[in-house]
Amino acid sequence: MFTKTSRRTVLKSGLTGALATLFMRAKSAESHSIKKYPDSSGVLVDLTRCVGCRSCEAACNAEQNLPEPELPFTDKSVFDEGEHGQKRRTDETRYTVVNRYEPEGLDHPLFRKVQCNHCQEPACLSSCFVNAYTKTPEGAVIYDPDICVGCRTCMIACPFYIPTFKYSSAFHPRILKCIFCYDTRLKYGREPACVEACPQDALLFGSRDTLIKIGRRRIEEKGDRYVDHIYGEYEAGGTSWLYLSSVPFEEVGFNTDISDEPILDSVKNFLGIVPMVLTIWPALFTGFHLLATRKEKGVEDQNIHVPEDK
Amino acid sequence: MRTLTSDIVSLPVAGSQKKDGTLWTLKQRLFLGLTTRQYGQQLCRNPVNWVLALLFAVGFPLLFQRYMYGLGAVTHGSNDYPWGLFLGFGLFGMVPLSASGCLLGTTVSLFGREDFHPIERLALLNGLLGYFFAVIYLEVDLGMPWRLAYPMFVSFGPAAVLFLVAWHVATYLSVQLAEVLPAVFEWIDRPGWKMYIKRITLGLTIAGIILSTLHQGALGALFCYAPSKIHPLWISTEFQWIHFLVSAIFGGLAMVIVSSTLINRYMYWRCGEAFRKSLDNLTLGLAKGASYSMITYLAIKLVAVAHDNEWEYLLTGWGFYYCLEIGLGVVLPMFLFAKGVRDGKTGPVRIAAFITVVGIIWNRLNTSLVCFNYQLYQDIPHWKEIWLTVALYGLYFSVYRFVVYRLPIVFDWDESPSVAK
């Protein structure tokens, strides 16, 4: 039979359970606004200026000591669609890629450089359960391989498909992604290698706030040349890398479904219920227990006649 | 085993003492009272074991390959699909089917429904093993499996949903272990120790409800990190956690029905009097609960479609697939459950339970793989990944059977020997 349950044991065990869960984890789910990074640097990418020379790719490869690619950086055949009919993406051998697009009604192709956009409120960072990511005041989103567990939630969470995983390694796997040349350059106030290498001034390094103003001015001055939008100003809460384009962004491979709210906002609903469950459930279910078992106890203890339920 | 138990009267081991009053030794208990030779014979006689052997013969080398040469050696190592079958099936599929421990624990200990007692231990064991193997799958999938405990001890990201999953699954595993311990205590002749667990049963049960609510929900909330990648019909940032939580209720109940059905059919010799007698009634009881939670689930699914105004998607190909999943995986078994309960027939209920279990896994795979990256391309997992996933499930099956053979899960320890026919 079940142990005799007195009110005291109920309280005691209910309380123990509640305390156990409470102490385990105190979760904050307060609403937040996007952090402002007044000193954040950024890069303004002007698609109308890029000629697809891939110098940025080569510079990144050298700066980050990445393995030499199969095809040289001068090879233009990489622009053809590859596996699964997809354009190239970042992977463990390249932190940035340039892809070619041929939008309708345009007599020349457009090129789009892909790399980490260094979000203001990075999804990789907020989804990481060991805090392996840091957003530095300079604007870079950097990663610490020494605490990463390799769960790859950051790759799920990143709306731009940027973080990549070193699947080829059993003993030293890690996440690999653009870090804005933080260790070697950004920390010292210098522009990243790709920007330095760009012969077309398609990439402009500066403070994010200034870049937004510059971008606006370009749109204003040459309105016929640009669509009236700076991609990255608000997307996913705003990114440090910003884009200007002459055609609608979805025609050059940008995902325009990404909402302006940071990814963190979509899990807030759930995080909000956590403290509720932790505090209300113990009392509620102890109450259910008392209600459900009270009748028999009454009969047993006091020998009172309780009419049967019909 | 069945044939042997009918040949040898003293079998199976169902209590501390042999017929002559001496105690069974540990070795005898492990070998079910058979000699090593007999034990080997009965292993070979069972065709299921041959299938398992084949699974393991290929699966274990694959496992070795994964740990020596990295995940990329057994999977496509896709950066677009960071989570494959190990998590899609092993974690997201196994965990809802293991909600049974919490559900039956609550029914019996919290609501005082002692009539469900004969099936409670099976539900608890089903829960424990399901979670344990979810962690095994996770360990295969994690890039650095040796850092499993980092979120607990080394570095904390408490605002991440996965942090909650990690802590809750770890804590809940210990809660479930504690809940299954009484069976172990009986098996090792220490029934007195059960008192320690009994005293905290209610606390454990309530802790179990809290932890289950949160981590079943959290598994759903994990997908809210990818609102732009998953097809809108399978992701609802408002209700995803409720979808996962409510479907875990009928998933867990259906899994107990499936498990008990298999045990009653293929391990009848192992079932005790109480289990045999009450199983049909209990199955109907579980079916009732399952059909109620299914109608709740359907309502919330509908609310989600309405809330996000996704009606037009229903007319697309994805919408058809969505309706197919709901229709076959939920609506059909729900009616079968309801019909079974109304007619008092266990047949349709058991079929419904099988369908439900498949339906849950189908839903989780849809969310994590099929409808993930719906705007990019579909990734068919590498055959090695599929094989390894199935082989690990085979391991789960073997451990499950090993425990049910021995521990007093579906019978009472020291039950009168006449019962064990």
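Atoms considered below: every heavy atom in the structure, side chains included; atoms not considered: hydrogens, waters and symmetry mates.
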Among [options], residue most engaged with chain B (heavy-atom pairs, under 4.5 Å):
options                                : result
A:Ile258, A:Ile147, A:Asp257           : A:Ile147
A:Pro159, A:Ala123, A:Ser168, A:Cys148 : A:Cys148
A:Cys158, A:Ala132, A:Gly85            : A:Cys158

Is [X] close to chain B through its backbone or its side chain, or both, or neither, when contacts mean heavy atoms under 4.5 Å?
X        : answer
A:Cys151 : both
A:Phe171 : both
A:Ser259 : neither
A:Asp91  : both
A:Ser169 : backbone

Can you establish whether the number of heavy atoms outside [X] located under 6.0 Å from its atom [atom1] is more than 12?
X        : atom1 : answer
B:Tyr67  : OH    : yes
B:Tyr374 : OH    : yes
B:Gln375 : CD    : yes
B:His117 : NE2   : no

Examine whether an atom of B:Tyr69 lies under 4.5 Å from a heavy atom of chain A, and if so say whether it belongs to the side chain, the backbone or both; otherwise answer neither.
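B:Tyr69 touches chain A through backbone heavy atoms alone.
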N/O donor-acceptor pair under 3.5 Å between [X] side chain and [Y] backbone:
X        : Y        : result
A:Thr164 : B:Asn79  : no
A:His289 : B:Ser109 : yes
B:Lys229 : A:Ile156 : yes
B:Ser155 : A:Val130 : yes
A:Asn131 : B:Phe156 : yes

Closest contact, heavy atoms only, [X] versus [Y]:
X        : Y        : answer
A:Tyr167 : B:Pro82  : OH-CA, 3.5 Å
B:Arg147 : A:Pro145 : NH1-O, 2.8 Å
A:Ser266 : B:Pro227 : OG-CG, 3.9 Å

Pairwise side-chain contact, [X] with [Y], heavy-atom cut-off 4.5 Å (strictly under):
X        : Y        : answer
A:Ser127 : B:Val161 : no
A:Val274 : B:Leu214 : yes
B:Leu110 : A:Thr293 : no
A:Pro173 : B:Leu71  : no
A:Trp281 : B:Ile209 : yes
A:Thr153 : B:Trp83  : yes

Show every salt bridge (charged side-chain N to carboxylate O under 4.0 Å, His left out) that has at least one partner inside residues 148-162 of chain A, sequence neighbours left out.
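Checked against salt bridge (charged side-chain N to carboxylate O under 4.0 Å, His left out) - neighbours excluded - the pairs reaching residues 148-162 of chain A are A:Arg152-B:Asp141.
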Pairwise distance CG(B:Asp379) to CD(A:Glu83) - rounded to 0.5 angstrom
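These two atoms lie 9.0 Å from each other.
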Walk me through it: do B:Leu148 and A:Val149 pass the test side-chain contact (heavy atoms from CB on, under 4.5 Å)?
CA-CA 7 Å; B:Leu148 183 69; A:Val149 181; 5.7 Å; no
Does the side-chain hydrogen bond (donor to acceptor under 3.5 Å, both in side chains) test come out yes or no for B:Gln240 and A:Asn269, once each step is laid out?
CA-CA 10 Å; B:Gln240 195 76 357; A:Asn269 284 311; over 6 Å; no
Test of understanding: with ring-ring contact (aromatic ring centres under 6.0 Å, His included), list the residues that count as partners of A:His84, not counting sequence neighbours.
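So A:His84 forms a ring-ring contact (aromatic ring centres under 6.0 Å, His included) with B:Tyr377.
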Side chains of A:Tyr161 and B:Asn373: do they bring a donor and an acceptor to under 3.5 Å?
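The answer is yes; a qualifying pair exists.
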